[in-house]
Amino acid sequence: MNTKPFFPSKSIVGTMVCIALVGCGSSSSDSPEHTPAPVTGESRTVSLSVVTENVMAFDGELALQQDSSSTMHTLETQGYEICIDDDSNLNTPEAGCDTVIEGFNLFNDVLSLDITGSASISIYHPGKSTRVSYTVDGYTEISEDESKMLINMVNTQWSMVKLKDSDDIVQAEIDGVNLEKSSNSGFYTVYINKESVMTVDTYTYSGLSVEIPQLGDFKSNYIYDYVLDFNENGDLIITPPNFEEGEPIEIPAPDHVIDPTQVTGADVILNDDGSATLEVFRETGNIYEWYNEGQTFSSIASIDVTFSDGNVLDGLNLYMNIYLQNGEGRKADKVRLDLYGGKYHIQGGETFDSLEAAQAIYGDWTISAYLDASINPVKGANFITRIKNHNGSQLTVTSYEVKFK
C-alpha cells in the first residue's frame with residue numbers, strides 16, 4: 001500500500017479545486033454519556049472479546065479489508081478507549097465513565113476487566129475527524145452475574161470519499177490530510193465524518209475554483225465518488241456523487257465457530273480464519289449451545305466438533321453431553337448421550353455407532369435444557385463439550401456445529 005502523497009515528476013501550475021463536503025456525524029472523541037449508579041454488587045473479573053469485519057492482512061497498525069465491490073479499506077487497530085460505566089461509582093472526569101482504559105488494540109487476544117455489578121461498556125477511538133483509515137466503535141451491557149462479553153465493532157461514523165484518478169491530478173487533500181492513491185483501483189480515497197473541504201492540485205489550470213452547493217448529508221459507512229472531468233467548453237469540472245444513493249460499504253464479518261459468551265472455564269481468542277483458540281484456566285472447561293425446548297432428537301442432521309491441534313473427542317478428556325427427555329415435568333424420562341470416538345454412548349447403557357442409529361431409538365425424544373451450575377443454572381444448556389485435564393493448555397476449535405434438518 002502506498003502510504004505517501006502522490007507527486008508526479010512534472011512541474012505543478014498552482015491549480016486548486018475546492019469542494020465543500022458535508023460529514024455524517026460529530027468527532028469520535030466524544031465519550032458516551034451516562035449517569036453513575038450507586039455502588040452495588042462485588043467487583044469481579046470479566047473477560048472482553050471483540051469482533052471486527054473480515055481482515056485480509058495487516059500493514060503495521062492498519063488492518064487491510066476489501067468490501068463487496070472490491071474497494072480496499074484500511075482499519076485503524078490501535079489507540080482505542082474503553083469506557084466502563086458500572087456500579088463502582090468511581091466518577092472519573094469523563095462523562096459517565098467510572099473507568100477509562102486507553103490504548104486498547106482491537107486485536108488483543110482477550111482483555112480482563114474489573115467490573116462491579118452490572119455495567120455498560122463502550123469502545124471508541126478518540127482520533128481525528130479526517131483520516132486515511134477509518135475507526136470502529138461498539139457497545140454492550142452485562143448483568144451482575146455475567147463474566148464474559150463479546151462486542152461487535154462496526155463503522156457508525158465514517159464515509160469514504162473517492163476521487164477518480166486523472167492525468168491532470170497531482171495531489172488531493174481534505175482538511176490538510178492527503179487522499180491516498182490506491183495502486184490498483186485508480187482512485188484517491190479518504191474518510192470523513194464532518195463538513196469538510198477538498199482541494200485538488202492539477203497540472204493544467206491556475207486559480208480555478210469549483211463550488212458544489214447543497215451537497216446533502218453523508219451517510220456513515222457509504223462511499224461517495226467524485227470525478228474530475230472537462231465540460232463542453234474545455235473547463236475543468238468535478239462531477240459530484242448522488243448523495244441520495246451512495247454505495248454502501250459492505251465488508252463481510254468472519255463466521256466464528258463458537259460464541260465466546262458460550263464458553264466457561266476458558267478464555268477465547270477469535271482468529272482471523274474463523275477458528276477459535278481456547279486458553280483453559282479451569283480443571284474442566286465447557287463449550288455449549290442454546291436450543292429451544294421442543295425440538296426432537298430426530299431433527300438433528302449432523303454434529304461436528306473438530307480441533308486443529310490433534311485433540312479429538314476421546315471420551316476421557318474431551319466429550320459432548322447431549323440431554324434428551326420423553327414427557328413433561330418431573331415424571332419425564334431423561335437420558336444423556338455422550339458423543340466421543342464417533343459414537344453415541346448412553347450413560348450407563350448401550351452404544352450406537354452413528355447418529356442415525358441413536359435417532360432410531362430416541363428420535364421422538366425432545367432436546368432438553370440441562371441446568372448445569374457451572375454454565376447457567378437458570379436457563380440451562382445442551383450439546384455441552386466437556387474439556388477435562390487441560391488446565392493451562394490451548395486448544396483450537398475449527399468446527400463446532402449442531403446442524404438441524
Side-chain angles (χ1 to χ4, degrees), residues 41-50 108-117 119 142-150 256-271 274-291 303-325 334-349 351 367-402:
E42 296 181 355
S43 177
R44 69 192 186 284
T45 299
V46 175
S47 63
L48 167 67
S49 301
V50 301
N108 277 344
D109 294 338
V110 176
L111 182 66
S112 295
L113 306 175
D114 289 327
I115 303 292
T116 300
I142 61 170
S143 61
E144 60 184 7
D145 60 348
E146 292 180 289
S147 60
K148 289 180 178 290
M149 55 185 164
L150 176 68
H256 288 99
V257 296
I258 56 178
D259 181 343
T261 63
Q262 292 177 202
V263 176
T264 62
D267 288 327
V268 182
I269 302 169
L270 299 176
N271 302 315
S275 65
T277 299
L278 308 182
E279 293 184 341
V280 185
F281 59 78
R282 290 182 188 165
E283 192 62 31
T284 300
N286 303 287
I287 312 172
Y288 56 91
E289 297 277 350
W290 305 121
Y291 286 104
I303 300 175
D304 179 20
V305 179
T306 307
F307 299 88
S308 67
D309 37 20
N311 293 286
V312 295
L313 296 179
D314 59 12
L316 179 63
N317 295 315
L318 288 168
Y319 53 90
M320 175 184 281
N321 292 152
I322 304 169
Y323 300 90
L324 307 176
Q325 71 177 45
K334 297 183 179 181
V335 69
R336 190 187 83 193
L337 282 169
D338 298 333
L339 171 58
Y340 59 89
K343 298 181 180 182
Y344 294 79
H345 309 264
I346 296 292
Q347 184 184 19
T351 295
I367 300 166
S368 60
Y370 180 68
L371 303 180
D372 190 313
S374 66
I375 297 175
N376 190 317
V378 177
K379 184 177 180 180
N382 210 320
F383 304 99
I384 305 171
T385 295
R386 311 287 188 180
I387 306 169
K388 289 194 169 185
N389 302 319
H390 283 278
N391 193 2
S393 63
Q394 288 188 343
L395 296 84
T396 298
V397 184
T398 57
S399 178
Y400 197 92
E401 181 182 32
V402 180

A.B. asks: Let me confirm one number: the CE-OG distance from Met149 to Ser143, rounded to the nearest 0.5 Å.
C.D. replies: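 With rounding to 0.5 Å, CE (Met149) is 11.5 Å from OG (Ser143).
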A.B. asks: Could you state the interatomic distance from CZ (Arg282) to CD1 (Ile387), rounded to the nearest 0.5 Å?
C.D. replies: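 It is 12.0 Å, given to the nearest 0.5 Å.
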A.B. asks: Does the side chain of Val402 come within less than 4.5 Å of Ile322's, by heavy atoms?
C.D. replies: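 The answer is no; the side chains never approach within 4.5 Å.
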A.B. asks: If I compare all heavy atoms of Arg386 with all of Asn321, which pair ends up nearest, and what's the gap?
C.D. replies: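 Scanning both residues completely, I find the closest heavy atoms to be NE-OD1, 3.0 Å.
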A.B. asks: Write down the atom of Leu316, the atom of Tyr319, and the distance for their closest heavy-atom approach.
C.D. replies: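 Scanning both residues completely, I find the closest heavy atoms to be O-CE2, 4.1 Å.
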A.B. asks: Applying side chain to side chain contact (heavy atoms under 4.5 Å, CB included) to Gln262 and Asn286, what does each step give before you reach the verdict?
C.D. replies: CA-CA 8 Å; Gln262 292 177 202; Asn286 303 287; over 6 Å; no
A.B. asks: What is the minimum heavy-atom distance between Tyr340 and Leu318, and which atoms define it?
C.D. replies: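 Nearest pair, atom of Tyr340 first, then Leu318: CB-O, 4.1 Å.
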A.B. asks: Provide the closest heavy-atom pair for Phe281 versus Asn391 in the form atom of the first, atom of the second, distance.
C.D. replies: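 Taking every non-hydrogen atom into account, C-OD1, 3.1 Å.
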A.B. asks: For the pair His390 and Leu278, evaluate side chain to side chain contact (heavy atoms under 4.5 Å, CB included) and give the outcome as yes or no after the intermediate values.
C.D. replies: CA-CA 10 Å; His390 283 278; Leu278 308 182; over 6 Å; no
A.B. asks: Got a donor-acceptor contact below 3.5 angstrom from the Tyr400 side chain to the Ile287 backbone?
C.D. replies: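 Yes, Tyr400 side chain to Ile287 backbone: donor-acceptor pair under 3.5 Å.
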A.B. asks: Give a yes or no answer on whether the side chain of Asn317 reaches the backbone of Asn389 with a donor-acceptor pair at less than 3.5 Å.
C.D. replies: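 No, the answer is negative, given that no donor and acceptor are paired below the 3.5 Å cut-off.
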A.B. asks: Take atom NZ in Lys388; do more than 12 heavy atoms of anything else shown fall under 6.0 Å from it?
C.D. replies: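 No, because the 6.0 Å sphere around NZ of Lys388 holds 12 heavy atoms or fewer from other groups.
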A.B. asks: Are Leu270 and Leu150 close enough that some pair of their side-chain heavy atoms sits under 4.5 Å apart?
C.D. replies: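 Result yes, sub-4.5 Å side-chain heavy-atom pair found.
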A.B. asks: Rounded to the nearest 0.5 Å, what separates atom OG in Ser399 from atom CD1 in Ile258?
C.D. replies: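 Those atoms lie 11.0 Å apart.
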A.B. asks: At their closest point, which heavy atom of Ser49 faces which heavy atom of Val268, and how far apart are they?
C.D. replies: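 Closest heavy-atom pair between Ser49 and Val268: OG-O, 3.5 Å.
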A.B. asks: Measuring from atom CG of Asp338 to atom OH of Tyr344, what distance do you get when rounded to the nearest 0.5 angstrom?
C.D. replies: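 Between Asp338 CG and Tyr344 OH, I get 11.5 Å after rounding to 0.5 Å.
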A.B. asks: Is there a side chain to side chain contact (heavy atoms under 4.5 Å, CB included) between Val335 and Gln347 once you walk through the steps?
C.D. replies: CA-CA 7 Å; Val335 69; Gln347 184 184 19; over 6 Å; no
A.B. asks: Distance from Lys148 atom NZ to Leu48 atom CG, nearest 0.5 Å?
C.D. replies: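 Taking NZ in Lys148 and CG in Leu48, the distance rounds to 11.0 Å.
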A.B. asks: Apply side chain to side chain contact (heavy atoms under 4.5 Å, CB included) to residues Thr385 and Val397 and explain how you reach the verdict.
C.D. replies: CA-CA 11 Å; Thr385 295; Val397 184; over 6 Å; no
A.B. asks: Look at the side chain of Asn382 and the backbone N and O of Tyr323, then say whether any donor-acceptor pair between them is shorter than 3.5 Å.
C.D. replies: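 At least one qualifying donor-acceptor pair exists.
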A.B. asks: When rounded to the nearest 0.5 angstrom, what distance separates OG1 in Thr264 from OH in Tyr288?
C.D. replies: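 One gets 6.0 Å once the value is rounded to the nearest 0.5 Å.
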A.B. asks: Do the side chain of Thr398 and the main chain of Thr306 share a donor and acceptor less than 3.5 angstrom apart?
C.D. replies: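 Indeed, once roles are kept as given, a pair shorter than 3.5 Å links the two residues.
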A.B. asks: Is the shortest side-chain heavy-atom distance between Ile346 and Leu337 below 4.5 Å?
C.D. replies: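 With C-beta onward as the side chain, the pair touches.
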A.B. asks: Is Gln394 reaching over with its side chain to a backbone N or O of Glu279, donor-acceptor style, under 3.5 angstrom?
C.D. replies: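 Pair absent, no side-chain N/O of Gln394 close to backbone of Glu279.
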